[in-house]
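Beneath this line is the structure, given in structure tokens, with notes to follow.
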2 protein chains.
Amino acid sequence: MNNIINKSKESTDQVIENLLSIHPLLTKNYTKAIRSKTNLTPGLLFVLGALHHHGKLSMSEIGCHLSVPKPHVTALVDKLIADNLVERLNDPSDRRIIYIQITEKGADDFIAIKKEISQELKMKLELLSKEQLEILSEASQQVKEILMLVLTDHGSTHCLSAEKIK
Amino acid sequence: MNNIINKSKESTDQVIENLLSIHPLLTKNYTKAIRSKTNLTPGLLFVLGALHHHGKLSMSEIGCHLSVPKPHVTALVDKLIADNLVERLNDPSDRRIIYIQITEKGADDFIAIKKEISQELKMKLELLSKEQLEILSEASQQVKEILMLVLTDHGSTHCLSAEKIK
DNA sequence: ATTAATAGTTATAAATTTGTAACCTTTTTA
DNA sequence: TAAAAAGGTTACAAATTTATAACTATTAAT
């Protein structure tokens with residue numbers, strides 16, 4: 001039996017197993033914090049976060065990056081605009097497209113919110129040993145980087161994700 | 001300035017930054033897959049997963065582990081019972097407590113569902129290099145282990161989390 | 001020049017999750 | 001033993017997210 005293939009199959013399965021354990025842990029941690037410490041819903045914060053990262057995204061791209069159906073994107077962005085956290089921008093070269101850009105207030109607020117919702121986690125992390133923290137920092141960085149590589153729709157032709165699959 | 005403290009502060013902030021990036025990525029990946037490939041909602045699957053991991057939990061513990069309000073736990077468990085995925089067990093030593101235990105069908109189904117909802121991710125992972133996969137496997141394992149340590153209510157006196165904070 | 005496709009919105013319904021309050025039963029405590 | 005506390009349920013209401021369909025405006029394609 002091919003050892004290399006077998007080994008990499010094991011790795012794949014291990015990754016899947018691990019991510020599936022990590023997901024509910026993060027969900028639990030963050031949704032609770034988001035609801036108790038901010039006025040934004042998780043969905044709104046995700047959109048703001050994506051815009052904070054990318055600076056500017058079209059409506060479709062937002063739905064794409066977060067797997068949110070287009071009509072809901074409209075609603076979410078409307079709320080963010082009402083709070084002056086983002087703004088609409090027209091694309092002169094294609095007047096169908098509307099870019100959403102994070103505002104200065106949006107960026108500032110996002111950073112403040114990040115701090116708020118991470119406070120409790122931060123306290124818990126500070127109970128870890130220096131070594132554990134170092135390991136976690138390194139490991140989470142690697143997970144983040146590779147996941148962003150893997151889970152970001154580049155290959156997926158024109159991001160079908162927002163629409164129904166098939 | 002104390003170098004050690006400073007270094008560990010940096011690590012903490014880095015971890016927070018990384019986890020906050022990872023969370024929406026996983027959410028996007030999993031909620032889409034769960035909705036399209038299973039009959040269970042994310043909430044139901046989280047409960048089933050917790051029971052698959054722990055084998056047996058009381059109603060309160062379930063709400064605790066997942067930060068789900070008690071009334072909703074009742075509703076979720078009712079549905080899982082209707083599908084024969086879990087069952088109620090009385091605690092003779094304290095007749096207030098009702099333990100929920102995963103059934104054989106529940107365990108089998110959970111494994112099958114895990115495979116289903118991971119299929120797409122698996123395909124994407126297999127595009128990674130052997131080295132990247134190895135790194136991700138190792139790193140995700142470390143993140144999982146330390147996060148379980150950190151985010152599981154042991155210290156939190158009697159798991160206040162299900163109830164409103166304060 | 002039509003036709004088809006893309007980007008986004010509006011309108012609406014349904015599913016899911018969250019939040020409260022009141023209630024019952026059982027156990028613990030004073 | 002009476003009162004308080006803990007574990008669960010019931011009954012609602014509200015917030016959030018998901019799903020569809022129809023529609024406008026603009027661009028691309030035949």
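Naming convention: chains lettered A, B, ... in sequence-line order (proteins, then strands); numbering from 1 in each chain.
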For DNA chain C, which residues in residues 82-101 of chain B have a heavy atom at a distance below 4.0 Å?
-> B:Asp94, B:Arg95, B:Arg96
For the side chain of A:Lys70, starting at C-beta, report the closest nucleotide among C:dT17, C:dA7, C:dT18.
-> C:dA7
Could you give the CZ-to-P distance, from B:Arg35 to C:dA15, as a whole number of Å?
-> 11 Å
Flag the pair A:Asp91 and A:Lys56 as a salt bridge only when some basic side-chain nitrogen lies within less than 4.0 angstrom of an acidic carboxylate oxygen.
-> no
Rounded to the nearest angstrom, tell me the gap between atom CD1 in B:Ile62 and atom P in D:dG7.
-> 14 Å
Between D:dT9, C:dT17, C:dG8, spot the one nearest the side chain of B:His72, thanks.
-> C:dT17
Indicate whether the side chain of B:Glu10 and that of B:Gln14 have a donor and an acceptor atom separated by less than 3.5 Å.
-> no
Interatomic distance where NZ belongs to A:Lys79 and P belongs to D:dT16 [whole Å] = 6 Å
For A:Asp78 and C:dA11, what is the distance between atoms CG and P respectively, to the nearest whole Å?
-> 12 Å
Nearest heavy-atom approach of B:Leu25 to A:Leu151 is O-CD1, 3.7 Å
Roughly how many Å is it from CG in A:Leu57 to C1' in C:dG8, rounded to a whole number?
-> 15 Å
Atom CG of B:Leu76 to atom P of D:dG8: distance rounded to whole Å?
-> 14 Å
Which whole-number value in Å describes the distance from A:Glu61 CD to C:dT6 P?
-> 15 Å
Choose from D:dT9, C:dG8, D:dT16 the nucleotide whose nearest atom is closest to any side-chain atom of B:Met59.
-> D:dT9
Are B:His23 and A:Phe46 close enough that their ring centers fall under 6.0 Å?
-> yes
Below 4.5 Å, heavy atoms only, C-beta onward: do B:Leu85 and B:Ile102 meet side chain to side chain?
-> no
If you find the nucleotide of DNA chain D closest to A:Leu40 and the one closest to B:Pro71, which residue's nucleotide is nearer the 5' end?
-> B:Pro71
Under 4.0 Å: is that the gap between some side-chain N or O of A:Thr74 and OP1 or OP2 of C:dT9?
-> yes
hydrophobic_cluster_shared for B:Val47 and B:Ile111, side chain cutoff 4.5 Å = no
Side-chain N or O of B:Thr41 closer than 4.0 Å to phosphate OP1/OP2 of C:dA15 | no
salt_bridge(B:Lys105, B:Asp83) N-O dist < 4.0 Å = no
